[in-house]
Protein chains: 2
Amino acid sequence: MARLTNCIAMMNEGIERVSQIIPQMPAVEARLCRLMLMVGSSLEEELEFKLKPHKLNHSDFLTLMILYSRPDGSSTPGELCEFATQGATNMTRITNALVKRGLITRGASAEDRRRVLIRITAAGKRFVQKMLPPMFPRVSAMFADFNDADKRNLSRLLGKLAHNLDQLDPDTQP
Amino acid sequence: MARLTNCIAMMNEGIERVSQIIPQMPAVEARLCRLMLMVGSSLEEELEFKLKPHKLNHSDFLTLMILYSRPDGSSTPGELCEFATQGATNMTRITNALVKRGLITRGASAEDRRRVLIRITAAGKRFVQKMLPPMFPRVSAMFADFNDADKRNLSRLLGKLAHNLDQLDPDTQP
DNA sequence: AATTCATATTTCACTGATGAAGTAAAATGT
DNA sequence: ACATTTTACTTCATCAGTGAAATATGAATT
């Protein structure tokens with residue numbers, strides 16, 4: 001146990017040593033990057049773990065939740081790709097899987113017949129309402145010792161980082 | 001462009017709607033989770049993108065960096081698995097790949113001959129020293145508008161979250 | 001000496017993600 | 001009006017990562 005904490009301690013020493021060999025490294029920033037990556041993938045692991053009993057993976061779940069959170073419970077593959085950050089190929093697979101389970105339906109759009117209309121079914125909604133609540137305790141536990149200022153701060157800083165990443169993205173590779 | 005920002009905006013609306021249907025959801029915390037996941041995977045994307053020209057993926061890179069950051073430049077597969085959070089199978093594959101490129105060597109341990117000693121080569125060190133610096137500008141740019149307090153705060157909050165995740169992990173699934 | 005445990009590799013089956021090409025329909029240009 | 005281009009998905013082939021089980025070897029225990 002204390003897997004993450006352990007890795008972080010090790011990383012701190014590592015960064016320290018590397019920054020002595022390569023002093024021009026932005027050590028604090030590099031460390032924050034690694035921290036983000038570690039905590040992020042640990043969180044992802046945790047999520048996938050909670051999804052496994054429902055035979056869902058992260059992208060399936062995300063897709064389903066996007067649909068669930070829509071006022072009309074519907075969307076198109078293209079839109080889902082954008083918000084779930086998935087390739088079209090993958091979205092086809094996800095959609096196939098969810099359709100087969102009866103959680104969503106696939107239909108043709110009337111206005112634009114290239115488009116496919118994806119809609120969450122009543123069963124899909126019930127499914128979400130049943131699987132979501134058991135996750136709440138763990139989500140709450142993750143932030144149990146965060147006070148309101150902590151939460152606001154984390155949100156603000158992640159937002160800032162997100163914004164910077166957006167600005168960064170289009171650049172050419174180094 | 002503004003991919004992340006866009007997804008975040010969409011998520012905010014989604015969470016809002018879901019928490020109206022399911023009021024017992026810890027909305028703020030759930031939102032922070034998703035935010036972490038989004039920023040985390042975007043950061044990972046960015047990293048993989050920077051690594052691609054060097055024909056490295058995240059785990060290859062991490063493994064190599066762990067070795068590089070060691071005072072003696074060496075480790076064992078087991079240890080690398082732990083710190084790189086990889087399965088043994090994968091570590092064998094990674095090691096094979098890096099050995100083939102001459103960046104590391106694999107040798108038997110003298111004390112315990114079950115063990116395999118993995119060591120970064122001089123070429124491996126040179127490789128790291130050459131590939132690392134071009135990444136610095138982007139890393140710095142990510143945190144360009146973070147003042148010292150921001151960085152300290154982010155580090156503290158991520159550490160706290162990491163700690164909580166560690167406590168969470170061993171529990172049984174919901 | 002025999003048994004149990006630890007370390008690492010190999011093999012295999014499987015899941016999930018991805019890139020390239022294909023299909024179909026709408027939009028656009030001439 | 002027709003040809004071209006663009007948009008929206010799908011299909012197919014492929015690949016990276018994972019988990020489980022089998023193997024090999026060496027160390028520790030009894």
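Lettering of chains follows the sequences in order, A, B, ..., and the numbering in each one begins at 1.
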Please report, rounded to the nearest Å, how far the [atom2] atom of [N] is from the [atom1] atom of [X].
X        : N      : atom1 : atom2 : value
B/Glu48  : C/dA17 : CD    : P     : 14 Å
B/Asn57  : D/dG17 : CG    : P     : 4 Å
B/Glu45  : C/dT18 : CD    : C1'   : 13 Å
A/Arg106 : D/dA8  : CZ    : C1'   : 12 Å
B/Asn90  : C/dC14 : CG    : P     : 19 Å
A/Arg93  : D/dT14 : CZ    : C1'   : 14 Å
B/Leu80  : C/dT7  : CG    : C1'   : 13 Å
A/Phe61  : C/dG16 : CZ    : P     : 16 Å

For A/Arg114 and B/Glu79, find the nucleotide of DNA chain C closest to each by heavy atoms; which residue's nucleotide sits nearer the 5' end?
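Looking at the nearest nucleotide for each, B/Glu79 comes out on the 5' side.
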
Taking N and O atoms by type only, does the side chain of B/Thr89 place a donor or acceptor under 3.5 Å from a partner on the base of D/dA20?
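By the distance-only test, yes, there is a pair.
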
Atom CG in A/Leu80, atom OG in A/Ser75: separation rounded to 0.5 Å?
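Reported value, rounded in 0.5 Å steps: 4.0 Å.
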
Check whether the side chains of B/Asn90 and B/Arg93 place a donor and an acceptor atom closer than 3.5 Å, and report yes or no.
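Judged by distance alone, the side chains do pair up.
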
Is there a donor-acceptor contact under 3.5 Å linking the side chains of A/Ser155 and B/Arg31?
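The answer is yes; a qualifying pair exists.
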
Look at all strands and tell whether A/Gly87 reaches a base, only sugar-phosphate, or nothing, counting heavy atoms closer than 4.0 Å.
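The residue A/Gly87 makes no contact with any strand.
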
If you look only at distance, which donor and acceptor atoms sit under 3.5 Å apart when one is on a side chain in residues 57-67 of chain A and the other is two or more places apart or in another chain?
residue	atom	partner	partner atom	Å
A/Asn57	OD1	A/Ser59	N	3.2
A/Asn57	OD1	A/Asp60	N	2.9
A/His58	ND1	A/Glu44	OE2	2.8
A/His58	NE2	B/Arg34	NH2	3.4
A/Asp60	OD2	A/Asn57	N	3.3
A/Thr63	OG1	A/Ser59	O	2.6

Per A/Asp112 side chain, nearest of listed nucleotides C/dT10, C/dA25, D/dT10
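Among the listed nucleotides, the one closest to the side chain of A/Asp112 is C/dA25.
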
Out of D/dG17, D/dG26, C/dA25, whichever nucleotide has its closest atom nearest the side chain of B/Arg113:
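Nearest to the side-chain atoms of B/Arg113, counting from C-beta on, is D/dG26.
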
Phosphate OP1/OP2 of D/dT18: any B/Gln86 side-chain N/O under 4.0 Å:
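For D/dT18, OP1/OP2 do have a side-chain N/O of B/Gln86 under 4.0 Å.
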
